[in-house]
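These notes concern the structure reproduced below.
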Amino acid sequence: MTLGDLRTGLTVADLKQSFLDTLFCTLGRVPSAATPHDLYTALALAIRDRVLKHGVQTLETYHERDARVVAYLSAEYLPGPHLANNLLNLGIWEQARQAVEELGCNLDFLVEQEEEPGLGNGGLGRLASCFMDSLASLEVPAVGYGLRYEFGIFDQAIRDGAQVEITDKWLRYGNPWEIVRPELTYEVKLGGHTEAETDEQGRYRVRWVPARVVQGIAYDTPILGYRVGTCNRLRLWKAEAVESFDFAAFDHGDYYRAVQDKLVSENITKVLYPNDEAIQGKNLRLEQQFFLVTCSLQDMLRVHQVLGRPLDKFHEKWAVQLNDTHPSLAVAELMRLLVDEHGLDWDTAWHVTRQTFAYTNHTLLPEALEKWPVSLFGALLPRHLEIVYEINRRFLDEVRARFLGDDARVARLSLIDEGGGRYVRMAHLAVVGSHKVNGVARLHSELLKETVLRDFTALWPEKFCNVTNGVTPRRFLALANPPLARLITGQIGDGWIKNLDQLRDLEPLADDAAFRLEWREVKLAAKQQLAARIAERTGVTVDPASLFDLQVKRIHEYKRQHLNVLHILTLYLRLKRDPQTEVPARTFLFAGKAAPGYFMAKLIIRLINAVAQIVNCDPAVRDRIKVVFCPDFNVKNAQHLYPAADLSEQISTAGKEASGTGNMKFALNGALTIGTLDGANVEIREAVGPENFFLFGLTAAQVIERQARSCQPCEVCEQNAALREVLDFIASGALADGDTSLFRPLVDNLRWCDPFHVLPDYQAYVECQEQVSARWRDPEAWTRQSILTVARMGRFSSDRSIREYCDHVWQVQPMRVALAPANPDADSTVQPGSSAR
Ligand code: NBG
């Protein structure tokens, strides 16, 4: 059997025919009756055919050559729309444009129809997707495992200045990128109890008798690399009822209960948890985590066995990365599968487990360090609790032997937190069960070793390393900013797309006045486009010639959007008092979602919108400063924001932002950064040069020291009249139609607690912003710095991050996938049932 050009050919004629055929044969439409979404779907399916050709070839290659494979385990992914990315990676953007144009359609319009999978909260999920892109582009054998949430992160609307959450029905019109694999289903046990017995050979065996069983079913999405044969896959699990189990469990005829069971089972992958303050203790969340790890590990074990490999060599073929603690149950689950289900002895299984896993920590914030009440854990996963206890017993024996009599240390290291209530500490489980642990930026990795994982560092110093995050230049420059990509490619060729260090060749052009002019024109065009989108979506008009000052990311107190607001109000009050004040025109743009249960974050959104209301309407300042909150920040919308930024706000409290990746996306698109010494800012500043980075604020060490001295925020207020004036202004009700209660919690929190050190950084921030304004007045100098920034961002490609993981964590080599010609003459007879797919 061979595949014809119709399904795989890349010429305009092939694509055109394929598009029409798919529209007719798969969707049952003729062009005249098709909706925009039909047309999008037909094109997506036609392109998917091309991508799948790579996918099939890739799997064959991995199996034939018995590849060592990276399995990235993540509860979140934010891939963004697939169509445009696949066109870019296949290198057929122009052909596709022409093909649909000849049929009277516009490619940009079709691309715009795609609804993105919002299967993550923010940076962590987007990082997972950048990594999937880089793994494929670097030809590394890999699979991503995750959850197919029916409802992803909520869509955000702004009504009367406040966030409103709208259910994300992303699957409503179907998803052309996924392929369901009904034959790949795994049983997932939940609850119940365990029974111990001694088998015929006299071995101690434990049987888990669950109270419920559901099943996980695989949905695959192909992840194609950039201009390579490699196409890896993202395998997402959906929960379903095991009908045979349901129906056998009770009297026949109890149809309604059977249906009820189906509903309950499907709940597990119903919805993504927003990263609220209090998700811990939510049973369903623990069910999700277990569901993810058991399906994924059973899948890996199945492949391993189909290929005839021995189980005690599992770790030689799989390198499993735990993306934060969400999948850290995998440590206990692999032990259970190997010992209970496959009969390995404990020591062998433990060796395999530890060599298999590595763990990435993504936060130091105490509220985000997962711990589960022992009672809840034991009720859902009785066997896993026993296994955790056994791992802990053996581990603490080792600790006691090394640190004789140091009971405090034993308590600190234990997998069980006993200080008031008993909890399973998931980070400890992940560290004990992994051979490598990394943070996501140099500063973060250092702080990790000094703070939350300090005792582990003393125990196993060699286990800890750093891999600074990166972002994919395909999506965040080539795709998001075609005019800038073209300008760069026109000068230095397109090698930068695969090797971002080549941007360095732009450096000499910073001194070229003609190039600087082109650079400015590209930026201005991006700002004009964004201005048009803003006018359309919010009704606010902004001046593309003004300085575009952007802060886009999740709304959180530690990220300090409110510090940004204090600066805006400072300018505003200054302009009110003295309209002659020289303030270069600035447009302040915000975007980001607040967790639905995070009161203070939602109040910050209200504050931003209230300030926008006042400032944008006040004739005294109009045209000097404008404030806009762009609703519904997601990957798709973000791609319009980064290219239009002049200034990138990275102003988190030092020591709190593990890395940040938005900081990289902005700088890669030529924005200058104003920021603190936090997360990857530190390394970005080093790379672009301190003269090209607006630095302010306390260092992480100073923050810790202030905390130790329990400094009072009001002391700062007493010494700073401008700050007092701004806080009084907010408290006065002037931003809330005279209502003094609305923003009181926010002002009081700053005045009396200020847990994120906003006030002590205020003065430095305002002064630093004055330097920004001064620099902006010199467009040539600004442009020069913008070019140099881009030229020096090569290090922040996620390709670099992935190479570091490959070399220092996974020990995995790339494997070239040779593409068969479009019409292979060779026999490719299908042999059913022989596969390790
Ligand atoms: C986030 C950090 C970011 C970091 C991303 C990706 C979590 C738990 N952590 O600073 O806050 O860039 O992870 O590493 O979402």
Side-chain angles (χ1 to χ4, degrees), residues 72-78 118-132 134 146 153 272-277 279-280 285 289 321-328 358-371 426-427 430 437-445 447-448 452 465-472 476 551-561 592-595 598 601 635 638 648-667 675-684 700 756 796 798 800-802 804-805 809:
Y72 202 79
L73 236 62
S74 178
E76 303 191 7
Y77 289 91
L78 284 170
L119 309 181
N121 274 285
L124 175 136
R126 181 55 231 177
L127 184 77
S129 287
C130 280
F131 282 2
M132 290 305 295
S134 286
I153 187 74
L272 166 81
Y273 275 102
N275 49 5
D276 269 73
E277 284 180 321
I279 41 176
Q280 282 158 31
R285 164 105 170 165
Q289 296 187 346
Q321 192 66 28
L322 304 174
N323 197 27
D324 218 279
T325 52
H326 318 146
S328 58
Y359 156 56
T360 304
N361 173 289
H362 292 267
T363 185
L364 296 169
L365 296 186
E367 67 269 27
L369 292 174
E370 289 193 300
K371 47 183 197 173
M426 301 311 276
V437 175
N438 74 286
V440 289
R442 199 206 307 139
L443 174 68
H444 168 65
S445 296
L447 290 172
L448 202 56
V452 286
C465 64
N466 171 59
V467 182
T468 298
N469 285 168
V471 302
T472 168
F476 290 106
Q551 187 170 17
V552 306
K553 49 180 81 244
R554 285 299 284 245
I555 312 291
H556 200 292
E557 287 168 279
Y558 85 77
K559 296 180 188 275
R560 302 200 295 190
Q561 281 91 355
K593 293 173 184 175
Y598 186 175
V635 177
S648 154
E649 299 269 353
Q650 307 301 335
I651 60 177
S652 51
T653 315
K656 303 292 179 194
E657 187 72 272
S659 160
T661 43
N663 45 6
M664 302 168 189
K665 295 163 197 167
F666 275 116
T676 48
L677 282 180
D678 197 16
N681 292 355
V682 178
E683 290 156 79
I684 293 175
F756 297 100
F796 300 95
S798 45
R800 190 264 315 141
S801 311
I802 287 301
E804 290 184 9
Y805 279 103
V809 180

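In each ligand, atom 1 is the first atom listed, and ligand 1 is the first ligand listed.
- Counting heavy atoms under 4.0 Å from ligand 1, residue T360 does not touch it at all.
- When hydrogens are left out, the protein atom nearest atom 12 (O) of ligand 1 is G660 N, 2.8 Å; that is the closest non-hydrogen contact.
- At under 3.5 Å, not a single nitrogen or oxygen of T363, backbone or side chain, sits near a nitrogen or oxygen of ligand 1.
- With respect to the salt-bridge test (charged N to carboxylate O, under 4.0 angstrom), the residues E649 and K559 do not qualify.
- The cationic atom of K656 (NZ for Lys, CZ for Arg) does not lie both less than 6.0 Å from the six-membered ring centre of Y558 and within 45° of the ring axis.
- Side chain of Q289 to main chain of S328: no donor-acceptor pair is present (N/O by atom type, distance under 3.5 Å, no hydrogens or angles).
- Numbered from 1 in the order shown, with element, the atoms of ligand 1 that lie under 4.0 Å from a heavy atom of Y558 read 11 (O).
- Residue G679 places every heavy atom at 4.0 Å or more from ligand 1.
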Practice task
In sequence, state the C-alpha distance, the side-chain angles, and the governing distance for N438 and Y805, and then conclude on side-chain hydrogen bond (donor to acceptor under 3.5 Å, both in side chains).
Solution key: CA-CA 10 Å; N438 74 286; Y805 279 103; 2.9 Å; yes
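- Looking at atom 15 (O) of ligand 1, its nearest protein heavy atom turns out to be L124 CB, 3.5 Å.
- When each atom of ligand 1 is checked for a heavy atom of V440 under 4.0 Å away, the hits are 14 (O).
- Note that CD1 of I651 and CG of N663 are 12.5 Å apart. Values are rounded to the nearest 0.5 Å.
- Counting only non-hydrogen atoms, the option in N469, L364, D324, L369 that gets closest to atom 6 (C) of ligand 1 is N469.
- Of the N or O atoms in L127, none lie within a sub-3.5 Å distance of an N or O in ligand 1.
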Exercise for the section: With side-chain hydrogen bond (donor to acceptor under 3.5 Å, both in side chains) as the test, would you mind laying out the steps for Q321 and Y359 before giving the verdict? Expected result: CA-CA 6 Å; Q321 192 66 28; Y359 156 56; over 6 Å; no
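- Side chains of R560 and T653 form a contact here, defined as non-hydrogen atoms less than 4.5 Å apart.
- Among protein heavy atoms, the minimum distance from atom 14 (O) of ligand 1 is reached at H362 ND1, 2.6 Å.
- Numbered from 1 in the order shown, with element, the atoms of ligand 1 that lie under 4.0 Å from a heavy atom of A658 read 10 (O).
- Inclusion of E657 in the set of residues having an N or O under 3.5 Å from an N or O of ligand 1 is warranted.
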Handout entry: Q650 and D678: CA distance, side-chain angles, deciding distance, side-chain hydrogen bond (donor to acceptor under 3.5 Å, both in side chains) verdict
Key = CA-CA 8 Å; Q650 307 301 335; D678 197 16; over 6 Å; no
